[in-house]
**Student:** 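Following this message is one structure expressed as structure tokens.
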Amino acid sequence: MRLRFLGKGGSDLGGCPTLYATDKGTYLVQGWETGRVATIEIPHLLTGFAEPDTFIGAALTDSGRGTFMLSGRPVTESDTLAQLDLAANETVIEVPKFRRTYFGALPSA
């Protein structure tokens, strides 16, 4: 899987929660382990790195402390993991990338 770096933040340690776009039309999200399989924690600011007119296609549950919890497919492929700088308390999941559509009333003509 080819990865394109989009942004990182939320830690002053090596690694950091990070968002990548993949060549499969998905997002790879690197975040803090939560003790639940396939669920990570990321800072709110990471969602701002999503590509224009797209969003992270996973339910984001607000922790109440400036982070979201989200779940996706655990990434275990060694060639993909070798491209990442994971801190000891981090893991990575793959989630859908959805196109944003217009919400709200259409402008009147």
Side-chain angles (χ1 to χ4, degrees):
M1 177 184 317
R2 284 191 166 141
L3 304 179
R4 187 167 44 83
F5 171 81
L6 297 174
K8 68 175 12 183
S11 175
D12 58 356
L13 304 173
C16 260
T18 308
L19 185 64
Y20 299 91
T22 75
D23 61 346
K24 296 174 20 179
T26 59
Y27 282 126
L28 216 67
V29 188
Q30 176 180 331
W32 298 299
E33 294 176 334
T34 62
R36 295 189 312 225
V37 175
T39 299
I40 62 172
E41 187 171 0
I42 62 169
H44 286 169
L45 68 88
L46 201 62
T47 61
F49 294 111
E51 293 176 323
D53 297 321
T54 70
F55 63 94
I56 295 172
L60 300 170
T61 304
D62 196 319
S63 70
R65 57 180 185 270
T67 62
F68 290 119
M69 309 288 272
L70 68 152
S71 299
R73 182 189 73 81
V75 174
T76 58
E77 299 82 7
S78 59
D79 60 327
T80 302
L81 293 174
Q83 299 176 62
L84 307 174
D85 178 20
L86 289 171
N89 65 339
E90 292 181 332
T91 191
V92 64
I93 60 173
E94 183 179 15
V95 297
K97 175 174 37 172
F98 290 138
R99 283 264 177 249
R100 186 178 330 204
T101 55
Y102 180 77
F103 295 104
L106 293 174
S108 48

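Bear in mind the structure is a predicted one, so any value in this text is a computation, not a measurement.
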**Student:** Looking at G9 and C16, what are the two nearest heavy atoms and their distance?
**Tutor:**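 What the structure gives for the nearest pair is N-CB, 4.2 Å.
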**Student:** Between L19 and W32, is there a shared hydrophobic cluster once you connect ILVMFWY residues whose side-chain heavy atoms come closer than 4.5 Å?
**Tutor:**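 L19 and W32: separate clusters.
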**Student:** For R65, does its backbone N or O pair with a side-chain atom of T67 as donor and acceptor, under 3.5 Å?
**Tutor:**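 Checking the backbone N and O of R65 against the side chain of T67, no donor-acceptor pair under 3.5 Å is found.
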**Student:** To the nearest 0.5 Å, what is the distance between CZ on F55 and OG1 on T47?
**Tutor:**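 Atom-to-atom, F55:CZ and T47:OG1 are 12.0 Å apart.
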**Student:** How close do M1 and L28 get, counting heavy atoms only, and between which atoms?
**Tutor:**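 What the structure gives for the nearest pair is SD-CD1, 4.0 Å.
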**Student:** Using every non-hydrogen atom in the two residues, find where T39 and S71 come nearest and quote the distance to one decimal.
**Tutor:**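 It is OG1-OG, 2.6 Å.
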**Student:** Write down the atom of A21, the atom of K97, and the distance for their closest heavy-atom approach.
**Tutor:**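 So the minimum-distance heavy-atom pair works out to CB-NZ, 4.3 Å.
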**Student:** If Ile, Leu, Val, Met, Phe, Trp and Tyr residues are connected whenever their side-chain heavy atoms lie under 4.5 Å apart, and connections chain through other members, are I93 and L86 in the same group?
**Tutor:**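 No, because I93 and L86 fall into different hydrophobic clusters, even though each may have its own neighbours under 4.5 Å.
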**Student:** Looking at every non-hydrogen atom in both residues, tell me the closest pair between E90 and E33 and how far apart they are.
**Tutor:**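 E90 and E33 have their closest heavy atoms at O-OE2, 3.6 Å.
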**Student:** Grouping I, L, V, M, F, W and Y whenever their side-chain heavy atoms are under 4.5 Å apart, do L6 and L60 come out in a common cluster?
**Tutor:**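 Yes, same cluster.
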**Student:** For the CD atom of Q30 and the CD1 atom of I40, what is their distance to the nearest 0.5 Å?
**Tutor:**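 If I round to the nearest 0.5 Å, the distance is 8.5 Å.
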**Student:** Between Y20 and F5, how do the two ring planes meet: parallel, tilted or perpendicular, split at 30° and 60°?
**Tutor:**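 Correct class here is perpendicular.
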**Student:** Quick one: pull up CD1 in I42 and CG in L70 and give me the separation to the nearest 0.5 Å.
**Tutor:**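 The distance works out to 5.0 Å.
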**Student:** Will you find, in the side chains of E41 and T34, an N or O donor that is under 3.5 Å from an N or O acceptor?
**Tutor:**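 Note: E41 and T34 side chains miss the donor-acceptor criterion.
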**Student:** Between E94 and G72, is there a donor-acceptor pair closer than 3.5 Å when you use the side chain of the first and the backbone of the second?
**Tutor:**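 Pair absent, no side-chain N/O of E94 close to backbone of G72.
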**Student:** Rounded to the nearest 0.5 Å, how far does OH of Y27 lie from CG of L3?
**Tutor:**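 Between L3 CG and Y27 OH, I get 13.0 Å after rounding to 0.5 Å.
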**Student:** What residues form a salt bridge (charged side-chain N to carboxylate O under 4.0 Å, His left out) with R99, not counting sequence neighbours?
**Tutor:**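 None.
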**Student:** Should L84 and V29 be counted in the same cluster of Ile, Leu, Val, Met, Phe, Trp and Tyr side chains packed under 4.5 Å apart?
**Tutor:**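 No, it is not one cluster - the side chains of L84 and V29 are not joined through contacts under 4.5 Å.
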**Student:** May I have the step-by-step check of side chain to side chain contact (heavy atoms under 4.5 Å, CB included) for D85 and T18, ending in yes or no?
**Tutor:** CA-CA 9 Å; D85 178 20; T18 308; over 6 Å; no
